[in-house]
Enquirer: 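Below is the structure I would like to discuss, written out as structure tokens.
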Number of protein chains: 2
Amino acid sequence: MRIGELSTHTRTPVRLLRYYEEQGLIASDRLPNGYRDYEEYVVDRVLQVRGLLDAGLPTRIIKQILPCLNTPRTIHMPYVTPDMVATLEHERDRMAEKIECLTKNHRAITDYLDAARRDTRASYR
Amino acid sequence: MRIGELSTHTRTPVRLLRYYEEQGLIASDRLPNGYRDYEEYVVDRVLQVRGLLDAGLPTRIIKQILPCLNTPRTIHMPYVTPDMVATLEHERDRMAEKIECLTKNHRAITDYLDAARRDTRASYR
DNA sequence: TCGAAGGGTGACATTGGTGTGAGGGTCAAT
DNA sequence: ATTGACCCTCACACCAATGTCACCCTTCGA
């Protein structure tokens with residue numbers, strides 16, 4: 001698949017796809033004419049990257065953890081350095097914090113909206 | 001409390017406290033000499049702001065939704081414009097997406113680490 | 001064969017959060 | 001009276017993610 005198609009499939013500007021590649025987050029082959037050529041799975045990959053990016057993780061970190069998240073479950077895990085383990089644990093904990101924070105505020109918004117709705121209905125009676 | 005104290009309490013650079021104020025996320029009185037003077041509750045506020053910021057929300061949005069999250073449960077909700085409701089619903093949904101994405105990846109990291117640990121133990125036997 | 005659509009690289013601009021420094025006040029302790 | 005810690009404002013700098021533009025090439029259909 002060429003970059004335009006990938007772009008529409010992922011609703012991601014072409015510019016960013018090239019940027020993600022430059023940052024080592026996605027890979028592409030090249031057609032004889034120099035055009036990028038993507039495999040099917042890259043679509044999911046891009047969506048995952050965007051999700052993580054949108055959740056506030058920098059590309060630097062995403063690049064580090066992506067290889068560990070890749071869904072075609074690696075059969076035998078190659079040499080995980082203690083360094084890598086530390087990074088992963090750290091990021092895992094940071095993610096947990098973010099989740100907690102978001103969850104708390106998500107609930108607060110939900111509660112607020114509920115209350116507002118009740119209020120609105122009440123004012124009609 | 002003056003800015004230095006707030007800074008240590010929240011482990012937040014003074015620079016950023018002033019920035020958050022400039023963005024309308026926190027408020028301060030002024031002492032006769034021009035120093036900023038914060039009330040106790042601002043500590044929590046700063047932590048909340050940082051959490052949201054760290055989770056990827058821009059100050060613009062935080063500023064909009066903060067008034068709705070403020071814990072001293074407002075007794076009667078003042079005129080919530082339909083506009084505001086729409087914004088809140090939108091942000092709520094975006095937060096839900098982020099939570100989902102982070103949760104998924106958090107689990108993936110956790111699983112990966114578990115597998116790696118098993119692998120390591122196995123190689124000792 | 002020509003034009004439009006799509007692709008390539010490279011470079012500069014912008015935005016938001018943050019760092020840092022200059023230049024200058026306040027105040028408490030010595 | 002001086003020093004040192006703390007505060008003020010203003011301004012420039014930085015980085016990462018993105019937008020945008022210039023300039024050139026390839027493919028394909030009218």
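All chains are named by letter (A, B, ...) in the order of the sequence lines, taking the proteins before the strands, and each is independently numbered beginning at 1.
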Enquirer: Does B:Arg30, at its CZ atom, have more than 12 non-hydrogen atoms belonging to other residues, nucleotides or ligands within less than 6.0 Å?
Expert: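 Yes, the 6.0 Å shell around CZ holds more than 12 heavy atoms from other groups.
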Enquirer: Pick the closest DNA chain C nucleotide for A:Arg30 and for B:Thr59 by heavy atoms, then say which residue is nearer the 5' end.
Expert: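 In this pair, the answer is A:Arg30.
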Enquirer: Would you check if B:Arg94 and B:Ile61 make a side-chain contact, meaning some heavy-atom pair closer than 4.5 Å?
Expert: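 A side-chain contact is absent here, since even the closest heavy-atom pair is not under 4.5 Å.
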Enquirer: Are any non-hydrogen side-chain atoms of B:Tyr19 and B:Leu25 less than 4.5 angstrom apart?
Expert: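 With C-beta onward as the side chain, the pair stays apart.
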Enquirer: CD of A:Glu21 versus C1' of C:dG8: gap in Å, rounded?
Expert: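 Between C1' of C:dG8 and CD of A:Glu21: 11 Å.
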Enquirer: So, do A:Cys101 and B:Leu52 sit near enough that their side-chain heavy atoms are less than 4.5 Å apart?
Expert: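 Sidechains of B:Leu52 and A:Cys101: in contact.
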Enquirer: In residues 7-17 of chain A, what residues come within less than 4.0 Å of DNA chain D, judged by heavy atoms?
Expert: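 A:Pro13, A:Arg15, A:Leu16 - these, ordered by number, are the residues of the stretch whose heavy atoms sit under 4.0 Å from the strand.
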Enquirer: Taking any heavy-atom pair under 4.0 Å as a contact, classify B:Leu31: base, sugar-phosphate, or nothing.
Expert: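 B:Leu31: no heavy atom of the nucleic acid under 4.0 Å.
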Enquirer: Determine whether B:Tyr20 and B:Arg45 satisfy the following criterion, side chain to side chain donor-acceptor pair (under 3.5 Å), listing intermediate values before the conclusion.
Expert: CA-CA 11 Å; B:Tyr20 298 154; B:Arg45 180 96 164 206; over 6 Å; no
Enquirer: Let me have a per-nucleotide readout for nucleotides 25-30 of chain C, 5' to 3', with B, S or -, counting only protein heavy atoms under 4.0 Å.
Expert: BBS---
Enquirer: Nearest 0.5 Å, please: how far is NZ in A:Lys63 from CG in A:Leu66?
Expert: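 Going from the CG atom of A:Leu66 to the NZ atom of A:Lys63 covers 10.5 Å.
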Enquirer: OH of B:Tyr19 versus P of C:dT15: gap in Å, rounded?
Expert: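 So the two atoms are 12 Å apart, to the nearest Å.
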Enquirer: Step by step, would you call A:Glu89 with B:Arg117 a salt bridge (charged side-chain N to carboxylate O under 4.0 Å, His left out)?
Expert: CA-CA 12 Å; A:Glu89 287 176 339; B:Arg117 258 192 293 278; 3.6 Å; yes
Enquirer: Of the non-hydrogen atoms in B:Met1 and B:Asp37, which two are nearest, and what is the gap between them?
Expert: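 Smallest interatomic distance, heavy atoms only, reads N-OD1, 3.1 Å.
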Enquirer: Is the shortest heavy-atom distance from the side chain of A:Ile3 to the side chain of A:Tyr38 under 4.5 Å?
Expert: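 A:Ile3 vs A:Tyr38: side chains touch.
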Enquirer: Can you give me the first and the last nucleotide of DNA chain D (5' to 3') that has an atom within less than 4.0 angstrom of a non-hydrogen atom in chain A?
Expert: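 Span of nucleotides near chain A: D:dA16 to D:dT27.
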Enquirer: Applying the side-chain hydrogen bond (donor to acceptor under 3.5 Å, both in side chains) criterion to B:Ser28, which one of B:Arg2, B:Glu21, B:Arg36 satisfies it?
Expert: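 The single option meeting the side-chain hydrogen bond (donor to acceptor under 3.5 Å, both in side chains) with B:Ser28 is B:Glu21.
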Enquirer: A:Arg18 near the nucleic acid: base, sugar-phosphate alone, or nothing, with a heavy-atom cut-off under 4.0 Å?
Expert: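 A:Arg18: base contact, heavy atoms under 4.0 Å.
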Enquirer: What is the distance, to the nearest angstrom, from the CD atom on B:Gln23 to the P atom on C:dT15?
Expert: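 My rounded result for the distance is 13 Å.
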Enquirer: Contact between B:Arg92 and A:Leu113 at the side-chain level, heavy atoms closer than 4.5 Å - yes or no?
Expert: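 They are in side-chain contact.
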Enquirer: Side-chain N or O of B:Tyr20 less than 4.0 angstrom from OP1 or OP2 on C:dG17?
Expert: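 Result: no.
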Enquirer: Mind calculating the distance between CD (A:Glu22) and P (C:dT9) to the nearest angstrom?
Expert: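 A:Glu22 atom CD is separated from C:dT9 atom P by 10 Å.
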Enquirer: Less than 4.0 angstrom between a side-chain N/O of B:Arg60 and OP1 or OP2 of C:dG17, yes or no?
Expert: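 For C:dG17, neither OP1 nor OP2 has a side-chain N or O of B:Arg60 closer than 4.0 Å.
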